[in-house]
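A short write-up of the structure that comes next.
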Amino acid sequence: MSDLNKLGLAEARDALRKGDTTSVELTEACLKAIDAADALNAFVHKTPEIALERARAADERIKAGDAPSMCGLPIGIKDLFCTKGVDSQAASNILKGFKPEYESTVSQQLVDAGAVMLGKLNMDEFAMGSSNETSAYGNAVSPWRRDGDDAQLTPGGSSGGSAAAVAADLCLAATGTDTGGSIRQPAAFTGTVGIKPTYGRCSRWGVVAFASSLDQAGPMTKSVRDAAIMLEAMCGHDPKDSTSADLPVPDFEAMLTGDIRGKKIGIPKEYRMDGMPEEISKLWADGAEMLKAAGAEIVDISLPHTKYALPAYYVIAPAEASSNLARYDGVRYGHRATLEAGDGITEMYEKTRAEGFGPEVQRRVMVGTYVLSAGFYDAYYNRARKVRTLIKKDFEDAFAAGVDAILTPATPSAAFGLGEMTEADPVQMYLNDVFTVTVNLAGLPGIAVPAGLDAKGLPLGLQLIGKPWEEGDLLNTAYALESAAGFVAKPQQWW
Amino acid sequence: MSIDQSTAAKVAKLARIKVEDDALPALADEFNNILGFIEQLNEVDVEGVEPMTSVTPQRLKRRKDEVTDGSQQDKVLANAPDAREGFFAVPKVVE
């Protein structure tokens, strides 16, 4: 078999079980693709020895007829996941050289499911960003380019390295994390599939924390079927995360029937933003038509507090970040600034954090500190939490009225060029998450599915939002949309 | 609500991030820009609305109050920038 790195999880799994290939062959194909793709800056810590060792062990298990669900499948891991003995620095200089003595629950579950780790993937620093331009490793670069233009584009963020690696076939799939859209926006920008499950589905233990009430891990894959396979391996109760749900994890792949007859799909009018590009409105309308043709009923709904989701998010997420990132003080791990004579512990903290955190992380930590400070806690933080209650209620009302899933665009535009937003103020960059952030605030599952190309040949994605804990049903609707959209475009290799 | 340079300096101090004096005006501008965006929340009627504490209704699980982990001093100290004699070492804290 040739081009083994181009396979998806399901195809590779089936080929392994039939004996058409081996995990070592698959892994070697990916490692070769990774070494030839340094221009994308997607893999920032390569782990070929670990990969080949796990691949050999997987081949033994397959031979012995004892193959778990992802046995022998090579994947990439976002740098936000702690991986035992392997650099895990959340793309921040403050964690430079940090080698965890433990493995995150999600990456351990993937090991247990037989998956092969190829290395760690680039991302925005502490997952704060929408373009992978805040990374201490430098930008990740999208494998996609506009037709007739060699400008470098963003793969999106914060899971930009994961999206670039999957789209460029450097791995079969990758882990991502999503606090405000960090799985779904990069998936949409790169023509890949990304699902953020219900808050509590995946354990957060060992995942470097950004905003704990919003953070969720999820898979980034080449198809909806692959997302179902990998999500199932990642989910499950973990006593080490008190917010992890003690609920059974269904066989998501078995739920992909493609039959969505009678399902009610809501189209929220508030997502029709002023100045929405024609291509995005058309994609959205086409998506609704496809679901209708597959037998679903399309209904107009209202989510009245949508407009306030981003401002609420930019209070809550920085507030939680300022608290979570207080641990980076130069004492227990990572960077410590060189001190001058007479410097005390306060100078050590201040210099360490000024040197270790990049500008966007510093900005968010300080905004969070401000909104939590005495005198402003009620005006900003408590008000934002009340608005969050209202945003969640909007969705509850829609689901109570019989809606099964909600269809929206995934992003307000196709991928933009690296550096194009540098001059814009931070709020302009925040608007990238306008369609995705509501889902985190309400704790719901959301999936981005590639649905078309824009006039310049770049991928565009649609988002489906589901009911809490009903990822299986959501994946099935996404599967129907994927089948109808028939998206098969791949980036032309230039790297 | 407008943030001046002294407020910006105070916030930087609270966050334990060193910001040079000449960087304070730009920082104050950035804060004002972001807070201006956040001000929209004042348009929402939140009278009688409970602030969200948990996005999924759940009661935190309880477990037996017993030691389940520990005795990993080497591992705990393995990544410290300065560890000596089984402790984290820091500049003098108490005069």
Side-chain angles (χ1 to χ4, degrees), chain A residues 97-99 101 198-200 213 239 242-243 245-246 305 307-308 310-312 314-315 322 329-336 339 343-346 348-351 353-354 357 362-363 365-367 369-371 373 380 382-390 392 425-427 430 441-443 468, chain B residues 1 3 7-8 10-20 23 27 29-31 33-58 60-61 63 68-69 72 74-83 88-95:
Chain A
F98 178 57
K99 288 187 170 50
E101 295 286 336
T198 313
Y199 182 82
S213 79
S242 63
T243 60
D246 195 357
H305 295 89
K307 182 185 165 195
Y308 302 106
L310 266 182
Y314 277 97
V315 174
S322 81
D329 54 8
V331 175
R332 287 156 294 167
Y333 29 64
H335 177 73
R336 177 186 291 190
L339 301 182
D343 278 351
I345 194 149
T346 305
M348 185 193 78
Y349 295 150
E350 291 180 350
K351 288 183 178 179
R353 291 161 65 80
F357 291 146
Q362 291 193 22
R363 186 180 298 132
V365 165
M366 287 192 273
V367 167
T369 302
Y370 181 74
V371 299
S373 63
Y380 289 113
N382 266 344
R383 175 167 281 269
R385 289 197 302 143
K386 289 177 185 175
V387 172
R388 188 176 178 187
T389 299
L390 294 171
K392 182 171 180 236
D425 69 66
V427 171
Y430 298 169
L441 289 168
Chain B
M1 187 69 220
I3 292 198
T7 311
K10 190 181 153 212
V11 171
K13 185 82 194 168
L14 284 172
R16 296 291 184 272
I17 295 176
K18 185 172 176 58
V19 177
E20 302 294 344
L27 183 65
D29 282 351
E30 274 180 5
F31 284 167
N33 184 11
I34 293 168
L35 292 172
F37 177 64
I38 292 168
E39 295 288 328
Q40 290 177 66
L41 295 177
N42 291 328
E43 298 167 13
V44 186
D45 180 5
V46 294
E47 190 61 39
V49 178
E50 279 295 308
M52 184 181 286
T53 47
S54 171
V55 72
T56 47
Q58 59 175 204
L60 289 181
K61 277 190 168 274
R63 66 165 175 84
T68 57
D69 207 346
Q72 304 189 39
D74 291 353
K75 287 184 177 179
V76 169
L77 294 173
N79 279 288
D82 188 1
F88 294 112
V90 295
K92 196 157 88 172
V93 178
V94 183
E95 290 300 325

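Every chain is numbered from 1, with letters handed out A, B, ... down the list of sequences. From a predicted model like this one, the values you see are computed outputs, not experimental measurements.
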Query raised in the report: Distance from I34(B) atom CD1 to Y370(A) atom OH, nearest 0.5 Å?
Result: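 The distance works out to 12.5 Å.
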Taking side chain as everything from C-beta outward and backbone as N, CA, C, O, which of these in [X] sits under 4.5 Å from a heavy atom of chain A? Side chain, backbone, both or neither.
X	value
F88(B)	side chain
A83(B)	neither
E30(B)	side chain
K75(B)	both

Out of [options], which one racks up the most heavy-atom pairs below 4.5 Å with chain A?
options	answer
N42(B), L27(B), L14(B)	N42(B)
V11(B), T53(B), N33(B), I17(B)	I17(B)
Q72(B), E50(B), K92(B)	E50(B)
V19(B), L41(B), I38(B)	L41(B)
V46(B), T7(B), V93(B)	V46(B)
A8(B), A12(B), P51(B), P91(B)	P51(B)

Query raised in the report: When heavy-atom pairs shorter than 4.5 Å are enumerated against chain B, which of H305(A), M348(A), K99(A) gives the highest number?
Result: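 So the answer, after comparing H305(A), M348(A), K99(A), is K99(A).
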Requested in this report: With a 4.5 Å cut-off on heavy-atom pairs, point out which of V387(A), T346(A), V331(A), V371(A) contacts chain B the most.
Outcome: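 Among V387(A), T346(A), V331(A), V371(A), the one with the most close pairs to chain B is V331(A).
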Query raised in the report: Which of parallel (below 30°), tilted (30 to 60°) and perpendicular (above 60°) describes Y430(A) and Y314(A)?
Result: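 The arrangement is parallel - the two ring planes meet at less than 30°.
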Query raised in the report: Of the backbone (N, CA, C, O) and the side chain (C-beta and beyond), which part of S242(A) lies under 4.5 Å from a heavy atom of chain B, both, or neither?
Result: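 For S242(A), heavy atoms of backbone and side chain both lie under 4.5 Å from chain B.
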Requested in this report: Measure A442(A) against the heavy atoms of chain B and call it side chain, backbone, both or neither at under 4.5 Å.
Outcome: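 Just its backbone gets close to chain B.
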Requested in this report: Evaluate the side chain to side chain contact (heavy atoms under 4.5 Å, CB included) criterion for residues E350(A) and K13(B): first the C-alpha distance (whole Å), next the side-chain angles of each, then the deciding distance (0.1 Å), finally the verdict.
Outcome: CA-CA 8 Å; E350(A) 291 180 350; K13(B) 185 82 194 168; 2.9 Å; yes
Show the nearest heavy-atom pair for residues [X] and [Y], with the distance to one decimal.
X	Y	value
E101(A)	A78(B)	OE2-CB, 3.3 Å
K392(A)	P57(B)	NZ-CD, 4.3 Å
R336(A)	A89(B)	NH2-O, 2.7 Å
L441(A)	R388(A)	O-NE, 2.8 Å

Report task. Take R16(B) and D329(A), measure what salt bridge (charged side-chain N to carboxylate O under 4.0 Å, His left out) needs, and give me the verdict at the end. Result -> CA-CA 9 Å; R16(B) 296 291 184 272; D329(A) 54 8; over 6 Å; no
Query raised in the report: Considering residues, nucleotides and ligands other than E43(B), do more than 12 of their heavy atoms fall under 6.0 Å from its CD?
Result: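 Correct, the count exceeds 12.
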